[in-house]
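Report on one structure; see the data block that follows.
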Protein chains: 2
Amino acid sequence: MGKTRVSIRDVARESGVSLTTVSLVLNKNDARISEATRERVLDAIQRLDYTPSRLARGLPNRQSKTLAILVPALQHAFADVYFGEIISGIYEAAAERGFRIMLEVARRDYVKRREYLTVLDDCSVDGILFIGASEEHTWLQDFHGTDRPLLVVNNHFTQWDLHRVECDYQQAGRLAADYLTDMGHTRIGHISGPIDKVLTTADLTTAFIERLTERGTRLADQLIVDGKLHVEFGKLACEELLQRDPAITAIFASNDKMALGAYQAIREAGKKPGQDVSVMGCDDIATARLAEPGLTTISMNFLNVGAESCRSLLDLIKTQTGRSKNNAGVNGATNGTVPAESLRVDRRLPVELIERASVQRV
Amino acid sequence: MGKTRVSIRDVARESGVSLTTVSLVLNKNDARISEATRERVLDAIQRLDYTPSRLARGLPNRQSKTLAILVPALQHAFADVYFGEIISGIYEAAAERGFRIMLEVARRDYVKRREYLTVLDDCSVDGILFIGASEEHTWLQDFHGTDRPLLVVNNHFTQWDLHRVECDYQQAGRLAADYLTDMGHTRIGHISGPIDKVLTTADLTTAFIERLTERGTRLADQLIVDGKLHVEFGKLACEELLQRDPAITAIFASNDKMALGAYQAIREAGKKPGQDVSVMGCDDIATARLAEPGLTTISMNFLNVGAESCRSLLDLIKTQTGRSKNNAGVNGATNGTVPAESLRVDRRLPVELIERASVQRV
DNA sequence: TGTGTCTAGTAAAATGTTTTACTGAGGGGG
DNA sequence: CCCCCTCAGTAAAACATTTTACTAGACACA
């Protein structure tokens, strides 16, 4: 006892049937198994307290039922609401379909040793979800135009053709512009993200400016300041804006953290945020609701982004393994290139205006 | 081509040796392999771009070279500096030894279905690191006095005998008391954590009070307020303290977040934190350094806690699998109970005072 | 010459599944 | 009575490794 774990073989013996039968019952390929036999097998499984081994299960069809979440090697990658929320969403969707989640960090030597490929070849993982991508991650090129199941979460690239799922940042920009205009603001400042590095934040800013222009408001270049998506820099950016044009009536920040930084700057300038200067954020993080006054913002629903990303990747994996079974060994030279039939995942998820108390009608 | 991945068999054929030889080279069990042969094998591996399959590797000796990080189902479990830092530490130490990390969330049905056991039986994972444990997690009982490789990170329990690694919160409490006393403070307020729920925070508070008493300062019960380890509640707690005794000269908060909340409360009361009221925190999170004035605090070095936890668990796993090989099938009835020889991991890591500008000498 | 030991390997079993291709029994139609 | 079909199930191959136990040959020693 204790020497070896209970295996499918033991179950077979215990219930007096063959291995195959047990396996069929286990996988709900019940079609040709009689009710009586099935009962018997299920019974034995229960009696022996049998759990099929994932390792052994994955071996025959080379899949581990595991997904990797890959994050860049930032200071506090996991200590971030944004990542946290997306990861939670991914976790939920994966669990729904019986998949597990691995965590990988794209550190320097991880990338140099091309571990992101190993981890797939390895059978450690059936697919990769990459959060926090930016233009700097040139190694993503290894996935450009290939079959490899990697999906970029909430980001996209102009130069590479990769699977992706993201919030509709352009819609978000338009919503913000419309709302501020509707509330009567024309003298507006904007705290942007790092436009040159992160495409999503560039989308947001561009769409915001364009829609403002359409509605007859011109946003001067000098009233756009980069807040680097952080509270502290958001505060600094806001100070800058208030100095450049003290008559500003509203500020749109590309995320809530910077908007909350703006609150601080406005207070320190002796004014009241949401009253003397209206503030609008983006993301709808938890503290946006708790802030005083409640921050009007655009909900990106990151939890949902994570979940939908995960579902898309899972679908992708399913159709891929399905396909490769049909034409196995048929076409010789498709090594790495995409078959014409294969589709890129490219989804944009809707966003939503959340009206609270930080924007005043003027 | 493309039909099947390159296996150890291909390497063997390519280099004209047996499977065994390749395997031996691969596992650095080189002892009885000649230099020439090894070169040949290594060469073939390179030529064929061969990667051993983790799945197949784990099968024979039933280990996956993977660890699970288990976190409680909190609101934003992953959106927390604390978790983030520890996870980063774990990741690093695991990577060092070639282990991968899985993420698991102890949701309600995860616990009900006892997935935390399945995941081990399953061979999905060789061990579990549990972060964020609290008295509510009664299912930990399933690990009490067993061989199962679970380690509690930065928490402990009175009722169960579990492997654990944590910071020395008692030392932290004493350091804080000593420092404030040395700086001449005798009129002190304390913002605690939820003492009844989290043992570590109770340790901290108890040691703080005791050492203060030893040094001749009595901390009145009414000058201890629970700040629930959050910024917002820390602020509230501080307001409460300032009301109960406006002559307080220093406040010790059980973590940095609450200390920063205290900064806000002090400011809103028209006073200057670090000048009119000294503030001391605990944890040394990144923002403690960036705050104005820089927060004097106690560094818990969570990154290190994560790394050391991981190392301890890995050691545990190694000695366990080593041991089970020796006495396999010898003693019949040890089903689940601990052999006398097996040791509990129980480590306390040193903490360190970080002096900045938030405590004034009086 | 016989015995023993060391070196550099190798053959084969074992790990726990899934899946493919087969089989024997029973029944219906011609 | 023979042929074919379906039903319920099984045997065996495949998956990619590790590990154990064995061996052929070289050499030393008595």
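Residue numbers begin at 1 in each chain, while the letters A, B, ... track the order of the sequences.
For dC7(D), the OP1/OP2 oxygens have no side-chain nitrogen or oxygen of S34(A) closer than 4.0 Å. The phosphate of dT15(C) (OP1 or OP2) has no side-chain N or O of N61(B) nearer than 4.0 angstrom. An OP1 or OP2 oxygen of dA14(C) is reached within less than 4.0 angstrom by no side-chain nitrogen or oxygen of R5(A). OP1 or OP2 of dA16(D) has not a single side-chain nitrogen or oxygen of R9(B) nearer than 4.0 Å. Put simply, S7(A) has no side-chain N or O that comes within less than 4.0 Å of OP1 or OP2 on dG16(C). An OP1 or OP2 oxygen of dG9(C) is reached within less than 4.0 angstrom by a side-chain nitrogen or oxygen of T37(B). OP1 or OP2 of dT18(C) sits under 4.0 Å from a side-chain N or O of R57(A). Listed pair S23(B) / dT18(D) meets the phosphate criterion, a side-chain N or O lying under 4.0 Å from OP1 or OP2.
Distance L26(B) CG to dT17(D) C1': 10 Å, rounded to the nearest Å. Rounded to whole Å, the distance from CG on L59(A) to P on dG16(C) is 12 Å. With rounding to whole Å, R54(B) atom CZ is found 13 Å from dT17(D) atom P. For the pair D121(B) CG and dT15(C) P, the interatomic distance rounds to 17 Å; values are reported in whole Å. Separating the CG atom of L19(B) from the P atom of dA14(C) is a distance of 17 Å, rounded to the nearest angstrom. Computed from coordinates, the L24(A) CG to dT19(C) P distance equals 9 Å when rounded to whole Å. Spacing between atom CG of D122(B) and atom C1' of dT17(C) amounts to 13 Å, rounded to whole angstrom units. In this structure, NZ of K28(A) is placed 12 Å from P of dT18(C), rounded to the nearest angstrom.
Comparing dT17(D), dT17(C), dT10(C) against the side chain of S18(B) picks out dT10(C) as the nearest.
Contact annotation: side chain of T20(A) to base of dA11(D), donor-acceptor pair present below 3.5 Å. No donor-acceptor contact under 3.5 Å links the side chain of R62(B) to the base of dT18(D).
The pair D43(B)-R40(B) fails the salt-bridge criterion, with no side-chain N (NZ, NE, NH1 or NH2) lying under 4.0 Å from an Asp/Glu carboxylate O. With salt bridges taken as basic N to acidic carboxylate O contacts below 4.0 Å, one links D122(B) and R100(A). Under the 4.0 Å criterion applied to side-chain N and carboxylate O atoms, K112(B) and D109(B) are not assigned as salt-bridge partners. E115(B) has no carboxylate O lying under 4.0 Å from a charged side-chain N of R107(B), or vice versa, which leaves the two without a salt bridge.
Note on T21(B): a base of the nucleic acid sits closer than 4.0 angstrom, heavy atoms only. Across all strands, R32(B) comes closer than 4.0 Å to base atoms (heavy-atom distances). Within the 4.0 angstrom heavy-atom criterion, only backbone atoms of the sugar-phosphate kind lie near S53(B); the bases stay farther away.
In summary, the side chains of R5(A) and S53(A) do not present any donor paired with an acceptor at a separation below 3.5 Å, with no hydrogens or angles considered.
When each of I33(A) and P60(A) is assigned the nucleotide of DNA chain D bearing its nearest heavy atom, the one mapping closer to the 5' terminus is I33(A).
Outside the 6.0 Å centre-distance limit, the rings of F157(B) and H144(B) are not counted as a close aromatic pair.
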